[in-house]
Every structure is written in C-alpha cells, then in structure tokens.
Amino acid sequence: MLSAVIVLAIFGLVLAEAAPLIARVGPAAFFTDAGWQPTSGRFNLSPMLWGTLLTAAGALLLAGPVGVLTAVHGRFYAPPAWARVQRRVVELLAGIPSVVYGFWGLTVLVPLIARLAPPGPSLLAGILVLALMILPTVTLLADAALAAVPAEQLQGAAALGLGRWATVRGVALPAARAGIGTGVLLALGRAVGETMAVLMVCGNVVQVPESLADPVRTLAANVALEMAYAMGDHRAALFVAGALLTALAALLVALAAVVGRRHAHG
Amino acid sequence: MFDATPRNLKDARREGLVRILFLLMTALLVLPVLLILGVLVAKGGSALSWDFLFTEPTDGMTAGGLLPALVGTIWLVVIALIVSVPIGIAAALYLSEYAPDNWLTRAINLAIINLAGVPSIVHALFGVGAFVIFFGFGTSILAASFTLAVMTLPVVIVSTREALQAVPQSFREACWNMGATRWQTIRKVVLPNSISGILTGVILEVSRTAGETAPIMFTGAAFFLPFLPESVYDQTMAMSLHLFVVATQVPNVPDNLPFGVALVLIGMVLAMNAISIAFRTWLRRKKKW
C-alpha cells in the first residue's frame with residue numbers, strides 16, 4: 001500500500017515542481033526554444049532527449065542480439081558447467097555499480113576512442129558502456145523466457161528430427177518471444193534512466209550529435225549536472241526533464257507489461 | 001546405412017556456423033568482465049593498504065585514504081535498511097498472505113513494478129523535494145538514506161514475496177487446520193520457512209544501496225568532508241560519490257588512487273553479491289520439499 005503511495009508521491013512531486021513552469025511557457029517551449037540556457041529563459045530539452053534516445057537505442061542494438069544469443073547459447077549449446085560459469089559472470093556484471101562502469105569507461109574506453117576519433121567522450125562511449133550495463137538484464141530475462149518453453153515442445157521438435165539450430169529458431173525462440181520482448185523493453189528502460197555512467201563518459205555537451213564521436217548530454221546527466229546549483233525556473237526545468245524521463249520509463253514498463261500479458265493469453 | 005544428402009551437409013555446416021557465432025557472442029559477454037576487473041585490480045592494487053582504508057583523505061583528496069567515505073557508506077546503507085526492510089517485508093507479507101485478488105492489489109503490484117522502473121536520478125529529485133525540503137531533513141544522511149530506501153523498496157518487496165510464495169500452500173493449510181490464526185501461521189510456519197530467502201534479498205539490497213550514486217548526490221553526500229559523521233543530520237562522504245569525485249572533479253589525483261577506490265567499492269558490492277548467491281545455493285540444497 002505504502003509503495004503505491006510512494007509511486008504516486010514521486011510522480012506527484014516531480015509534476016508539481018514542473019507544472020508551474022510548463023503552464024507558464026507552454027509544453028512546446030521545451031522542444032522549440034532557441035537552446036538550453038535555462039537561466040535566461042530558454043528551455044529546449046530536445047538535444048538531451050535525443051541524447052537519451054540515441055544512447056539507449058544504440059546500447060540496445062548492441063546488447064540485444066548479444067544478450068539473446070548468449071542466453072540461447074547458455075540454454076541449448078553450452079555444456080552445463082560452462083553455462084553455470086556464464087550465468088555467474090552475468091550476475092557479476094549485474095552487480096557492478098554504475099559509477100564503476102562510468103569510471104572504467106572514462107579511464108579505458110574514452111582514451112581508446114580519443115585515439116581513433118577525438119575528442120573521446122562521446123555518444124559511442126556512452127553506447128558501449130550502456131550496452132555492457134544492460135547486457136545482464138537482457139541475458140537473464142531472455143534466459144528465463146527460454147527456460148519457460150515447455151520441455152514437450154523441445155522434445156517434440158527433437159522427435160521430428162530437427163537439428164539444434166532448427167529447434168531453437170523454429171520452436172524455442174518463437175515460444176519465448178514475448179518474454180524476450182519484455183526483457184528488451186525493461187533493459188531499454190534501464191538504459192534511458194542510467195545517470196552516472198553516462199554522465200562520466202558522454203562529454204555532456206548540449207547538442208544533437210552528428211556522428212558517433214560527438215559528445216552528447218542525456219536528460220539524466222543534465223539533471224545530475226545542474227541540480228546542485230539550479231534555482232527558480234532553472235530548477236523547475238530540471239524537474240520537467242525528470243518528468244519527461246519518468247514518463248519515458250513508465251511508458252517502457254507499461255509496454256513490457258502489455259507484451260508480457262499477450263504472452264500469458266496465448 | 002544412410003548417405004548424407006547435400007541437404008544434410010548444409011544443415012551440418014549451418015549447425016557449425018551457428019555454434020561458432022554463439023561462442024563469439026558469449027566471448028563478447030565474458031571478455032569485458034575480465035577486462036573491467038583486470039584493469040581495476042592491475043591499476044588499483046598498488047593503492048590498497050590498511051592506511052588507505054583507515055585514514056582520512058589529505059591534500060585536497062589527492063593523497064590519504066577513504067575512511068570517511070567508507071564509514072559514510074555504512075551509515076547510509078544501515079539507515080536505508082532500517083527504513084526499507086520492515087516496510088518491504090510488511091508489504092510483501094500483505095501482498096502474499098492477506099491481499100485478495102482485486103483491482104487494488106493489482107494496482108499496488110503495478111505501482112511496485114513502476115517504482116522499480118523509475119530512473120535513479122528521478123529518485124534523487126524526489127529525495128530533494130520530499131526528504132530534504134518537505135520533511136525538513138536538510139541535506140543529511142537521513143535524507144539520503146530515505147531516498148535510497150525508497151529506491152530499493154521494490155527489491156525487498158519482490159524478493160520477499162518470492163521467498164514467501166516458495167513456502168508450499170499445504171504448510172499453511174495444515175497450520176490453519178490446527179486452529180491457528182493467519183498471523184500465528186505466518187509467524188510460526190511461513191516466516192521460519194522463508195527467512196533465508198528474505199535475507200538473501202536483503203543482502204542483495206545492501207549491495208545495490210552501497211553502489212548507488214545519483215540518488216545521494218543532492219540529498220546528503222558531500223564532495224569532501226574529512227570528518228566522520230556525528231549524527232544523522234550531518235552530511236557525509238560516500239564511496240560511490242567519492243569515486244566519481246576523484247575520477248572527474250579533482251585535478252592531479254595520482255593514477256592509482258581512483259582505481260583503488262573503485263576496487264574497494266566493487267569489492268564491497270561483489271562480496272555482498274557473492275554472499276547472497278552462496279546463500280541461495282545453500283538454501284536450494286537444504287530445501288526439504
């Protein structure tokens with residue numbers, strides 16, 4: 001009960017702080033203003049929104065296939081001992097705090113990228129670090145979805161003389177589709193909301209990136225960077241960014257629930 | 001008896017290709033982990049010493065140890081646990097043992113899922129608005145701990161509920177048939193049989209809490225404060241924020257210092273995770289039903 005109240009309180013409070021400014025300058029201002037100079041009344045959040053969407057989408061593009069295929073490998077191909085090791089590694093990856101990922105990205109990835117395509121802190125660095133961070137989510141949920149495929153179906157496929165790959169592609173993956181979809185959406189939600197790691201490796205320049213090597217700033221990083229000293233309208237604008245982020249995350253959770261439910265019905 | 005047809009050969013070739021592809025993908029997963037841990041150990045190992053753990057940072061955080069951050073993190077985690085564990089367990093007990101299956105229960109479940117999905121930086125905003133300002137805690141350990149508690153509440157609720165639901169329904173029914181009330185059943189049968197599962201969840205929560213940075217940045221963690229906190233209304237340093245600060249904000253930090261901080265932080269978190277996983281494995285083996 002309390003947790004329901006807390007969720008309402010979170011949404012309510014963030015909206016309450018954001019609402020007066022939205023009401024005054026109109027919701028369109030956050031997408032059409034001349035730039036992000038919140039102290040002089042320009043509140044364009046769209047570069048940050050692009051930053052968030054691009055890093056998250058890029059990370060998913062990398063982590064999605066790797067995660068799903070890793071799960072398939074663990075379930076259907078790997079010898080049991082190796083599958084266990086693999087699962088431990090994934091759990092380990094899930095346990096590393098985001099600030100450590102950020103630190104690793106900053107000290108290892110960023111210099112590497114700087115040598116190939118300066119300046120270094122960039123969209124690409126953000127995508128790579130995020131991909132690593134959401135990999136466990138994709139893998140663990142895909143694994144759970146594959147484990148839930150009824151054994152009779154797999155045995156049936158084997159009885160028909162299908163090879164391993166044919167079984168995986170024709171039987172296991174279609175049956176686990178909804179579960180994998182849920183996992184991917186939840187992973188995307190994590191990527192959208194991630195703050196510290198992205199903050200440390202993305203360069204945080206407010207701009208719509210034109211290439212992978214351009215620095216970007218995400219919504220979450222924007223809040224983390226400016227909240228400490230923001231006052232008045234600036235502070236309210238950061239709450240608007242927070243509200244936008246929450247809405248994005250809630251949308252993904254809702255989508256995941258819908259995908260999961262469709263699975264339950266058939 | 002049978003000759004391989006071209007079709008068989010093609011299938012076999014594809015089978016081999018797929019196998020190699022999967023192996024590559026798995027390598028993509030395992031390599032970064034080794035890389036991350038390897039780099040941390042290689043570069044941070046030289047910073048580790050007892051002095052590093054038990055002295056205060058000096059020279060504008062470019063030398064000395066991380067005692068205040070270590071102690072601060074322990075404060076934050078302990079208070080967050082004191083807040084979230086009773087609430088989380090009570091909520092899980094209600095949801096699993098008492099709640100009827102109606103729209104309200106479904107709404108609460110939905111709320112928990114959503115709470116788990118709220119980005120950590122939004123929790124930070126909420127913490128500032130609710131605990132720092134509305135409840136008047138100021139930027140303090142108390143406000144930061146409450147923020148962390150709210151954030152990790154879903155972890156406790158979900159893991160506790162799973163532990164409770166792993167207790168077979170027949171145990172409860174047997175107890176009710178003896179004339180026990182619902183609460184007596186919970187206290188004498190359900191909780192003793194699920195306590196280790198609940199503890200596993202709590203340990204996992206500790207590791208999550210210790211590693212979080214964003215939610216405490218504006219609610220109670222200080223950049224640099226070389227004293228140990230004296231009350232819950234003080235600000236404090238914390239391991240995770242300390243790593244962020246020495247890695248990005250402080251000039252002229254010797255190379256191995258942030259790596260050392262990262263190593264200690266990750267050691268703490270992974271040790272907690274390992275305990276939790278070992279606990280779970282031991283539990284599964286011990287299970288009698």
Side-chain angles (χ1 to χ4, degrees), chain A residues 1-4 6-10 13-14 17 65-66 69-70 72-74 77-78 86 88-93 95-100 102-104 106-108 132 135 139 163-166 186 189 192-196 200 220 223-224 227-228 238-239 242 245-246 249-250 252-253 257, chain B residues 11 14-15 18-19 21-23 25-26 28-30 32-33 35-36 39-40 87 91 94 107-108 110-115 117-126 128-130 150 153-154 157 207 210-214 217-218 240-241 243-244 247-248 258-259 262 265-266 269-270 273 277:
Chain A
M1 192 64 112
L2 192 75
S3 61
I6 290 175
V7 171
L8 287 182
I10 293 182
L13 193 136
V14 172
E17 296 269 359
V66 175
L69 291 186
T70 308
V72 171
H73 182 256
Y77 284 85
Q86 194 180 312
R88 283 282 173 283
V89 171
V90 175
E91 281 172 353
L92 196 80
L93 208 54
I96 299 177
S98 68
V99 67
V100 174
F103 175 64
W104 179 77
L106 186 70
T107 51
V108 177
L132 263 184
L135 197 52
T139 309
R164 218 177 266 244
W165 173 237
L186 290 178
V192 163
E194 180 45 48
T195 315
M196 296 312 292
M200 291 167 85
V223 176
M227 191 60 200
L238 293 181
F239 274 92
L245 209 53
T246 316
L252 288 169
V253 170
Chain B
D11 281 355
R14 182 178 297 162
E15 204 57 52
V18 165
R19 201 174 271 273
L21 179 72
F22 281 140
L23 214 61
M25 287 294 173
T26 313
L28 263 177
L29 175 84
V30 176
V33 176
L35 223 60
I36 293 178
V39 167
L40 289 184
I87 296 177
Y94 171 77
I108 294 176
L110 197 66
I112 293 171
I113 298 172
N114 263 303
L115 189 58
V118 172
S120 62
I121 191 71
V122 176
H123 279 288
L125 289 176
F126 173 68
V128 171
V150 167
L153 201 54
I157 296 180
S207 83
E212 273 305 334
T213 317
M217 268 170 104
F218 315 115
S240 50
L241 187 65
L243 173 58
F244 174 68
T248 61
F259 282 101
L265 177 62
I266 209 172
V269 168
L270 291 186
N273 273 348
I277 290 171

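In the text below, chain A, chain B and the rest are named by the order of the sequence lines, each starting its count at 1.
- Most heavy-atom pairs under 4.5 Å with chain B, from the set A:Gly242, A:Ala249, A:Ala224: that is A:Ala224.
- Residue with the most contacts toward chain B among A:Thr70, A:Val253, A:Leu69: A:Leu69 (heavy-atom pairs, distance under 4.5 Å).
- For the atom pair B:Phe259 CZ and A:Trp104 CH2, the distance stands at 11.0 Å (nearest 0.5 Å).
- Of the atoms belonging to B:Ser207, not a single heavy atom falls under 4.5 Å from chain A.
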task: Assess whether side-chain contact (heavy atoms from CB on, under 4.5 Å) is satisfied between A:Met196 and B:Glu212, documenting all intermediate values.
output: CA-CA 9 Å; A:Met196 296 312 292; B:Glu212 273 305 334; 6.0 Å; no

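- Only the side chain of B:Leu40 comes within contact range of chain A, with heavy atoms under 4.5 Å apart.
- To the nearest 0.5 angstrom, A:Thr246 atom OG1 is 10.5 Å from B:Ile121 atom CD1.
- Interatomic distance, B:Leu265 CG to A:Phe103 CZ, rounded to the nearest 0.5 Å: 10.5 Å.
- Of the two parts of A:Val99, the backbone and the side chain both hold a non-hydrogen atom closer than 4.5 Å to a non-hydrogen atom of chain B.
- Note that CD1 of B:Ile266 and CG of A:Leu92 are 7.5 Å apart. Values are rounded to the nearest 0.5 Å.
- A pairwise comparison of heavy atoms in B:Pro119 and A:Gly193 identifies CB-CA, 3.5 Å as the closest pair.
- At a 4.5 Å heavy-atom cutoff, the contact between B:Ile36 and chain A is made by backbone and side-chain atoms alike.
- With a 4.5 angstrom heavy-atom cutoff, A:Leu245 touches chain B via backbone and side-chain atoms both.
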query: For A:Val100 and B:Leu243, what are the C-alpha separation, side-chain angles and deciding distance, and is it a side-chain contact (heavy atoms from CB on, under 4.5 Å)?
result: CA-CA 8 Å; A:Val100 174; B:Leu243 173 58; 4.0 Å; yes

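- B:Leu125 touches chain A through backbone and side chain together, each having a heavy atom under 4.5 Å away.
- Contacts of A:Val192 with chain B are absent, with no heavy-atom separation under 4.5 Å from either backbone or side chain.
- When every heavy atom of B:Asn273 is checked against every heavy atom of A:Gly95, the shortest pair comes out as ND2-CA, 3.2 Å.
- For A:Leu252, no part lies near chain B; criterion is any non-hydrogen pair under 4.5 Å.
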